[in-house]
Q: 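Below you'll find the structure I mean.
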Amino acid sequence: MPASKAITGTSTRFGRKTGTGTQYAYFAEVSNINGIGMTREAIDASHLESPDAYNEFIAGMKTGKPVTITLNFVPAATSDVTDAFATGSGEFRILFPGGTVAFDFTGIVTDFGLGDVSNDKMTATLTVQPSGKPTLGLVAGA
């Protein structure tokens, strides 16, 4: 059996597009990115004569799953997160280790929150709901 080619998520980055080019401002001290993916509605098309009395479904609309980013909260350096929330929408990129594959999407920032303030490290979360078709693929020019 060949050796695994699995890797960790270390060095993955989350950024918001700046201007009209292909430049992204990457957020500092991201510790977790959760929810990356897509889903599709299953529309019930069952009827009184559905075979063997089983529900039937047809494919519906597709949606990007909400992406939640957790960061180390540094009170003096919160502008990336608060600006993203204040703006409300933008173009975002999750750049995977190696910098050649990315998950790109236009999204609406739906939530910003601070974690517990305690003797543990302080955290902040930002949730972005993709709007339209996200893409997962090779980065142009990589």
Q: Same cluster for V117 and V74 if Ile/Leu/Val/Met/Phe/Trp/Tyr side chains link at under 4.5 Å?
A: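 In one cluster: no.
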Q: Pair L71, T123 - check side chain to side chain contact (heavy atoms under 4.5 Å, CB included), show working.
A: CA-CA 6 Å; L71 310 97; T123 61; over 6 Å; no
Q: Kindly state each residue pair satisfying side chain to side chain donor-acceptor pair (under 3.5 Å) with at least one member in residues 27-40, sequence neighbours excluded.
A: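 Qualifying pairs: E29-N72.
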Q: Just wondering, do V139 and T100 contact through their side chains at under 4.5 Å, heavy atoms?
A: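 T100 does not reach V139 side chain to side chain.
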Q: Find out whether D80 and Y26 are in side-chain contact, i.e. whether some heavy atom of one side chain is under 4.5 Å from a heavy atom of the other.
A: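 No, side chains not in contact.
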Q: With a 4.5 Å heavy-atom cut-off, do F105 and M38 have their side chains touching?
A: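 No, side chains not in contact.
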Q: side-chain contact (heavy atoms from CB on, under 4.5 Å) with I7: which residues, sequence neighbours excluded?
A: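 For I7, the residues satisfying side-chain contact (heavy atoms from CB on, under 4.5 Å) (neighbours in sequence not counted) are P97.
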Q: To the nearest 0.5 Å, tell me how far F27 CZ sits from I33 CD1.
A: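 It comes to 10.5 Å.
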Q: Please tabulate, for the side chains in residues 57-70, all donor-acceptor contacts under 3.5 angstrom to protein atoms that are two or more places apart in sequence or on a different chain.
A:
| unit_1 | atom_1 | unit_2 | atom_2 | d |
| --- | --- | --- | --- | --- |
| T68 | OG1 | T127 | OG1 | 3.2 |

Q: Working to the nearest 0.5 angstrom, can you tell me the gap between I108 CD1 and F85 CZ?
A: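 Here the interatomic distance stands at 11.5 Å.
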Q: Judged by atom type as modelled, is there a donor-acceptor pair below 3.5 Å linking the side chain of D44 to the main-chain atoms of S46?
A: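 Looks like yes, one N/O pair under 3.5 Å.
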Q: Is there a chain of hydrophobic side chains (I, L, V, M, F, W, Y, each step under 4.5 Å between heavy atoms) that links M122 to V81?
A: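 Yes; tracing contacts between hydrophobic side chains, which count when under 4.5 Å, links both residues.
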Q: Just jot down the side-chain contact (heavy atoms from CB on, under 4.5 Å) partners of D104, sequence neighbours excluded, or say none.
A: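 Scan of D104 (side-chain contact (heavy atoms from CB on, under 4.5 Å), adjacent residues dropped) gives Y24, R93, A102, T135.
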Q: In residues 11-19, what donor-acceptor pairs under 3.5 Å come from side-chain atoms, sequence neighbours left out?
A:
| unit_1 | atom_1 | unit_2 | atom_2 | d |
| --- | --- | --- | --- | --- |
| T12 | OG1 | G9 | O | 2.7 |
| R16 | NH1 | T87 | OG1 | 3.4 |
| K17 | NZ | G21 | O | 3.2 |
| K17 | NZ | E91 | OE1 | 3.4 |
| T18 | OG1 | Q23 | O | 3.3 |

Q: Can you pull the salt bridge (charged side-chain N to carboxylate O under 4.0 Å, His left out) pairs that have at least one residue in residues 110-124, sequence neighbours excluded?
A: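 Salt bridge (charged side-chain N to carboxylate O under 4.0 Å, His left out) check on residues 110-124 returns no pairs.
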Q: Is a side-chain donor or acceptor of S89 paired with a backbone partner of G107 at a separation under 3.5 angstrom?
A: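 Judged by distance alone, no pair lies under 3.5 Å.
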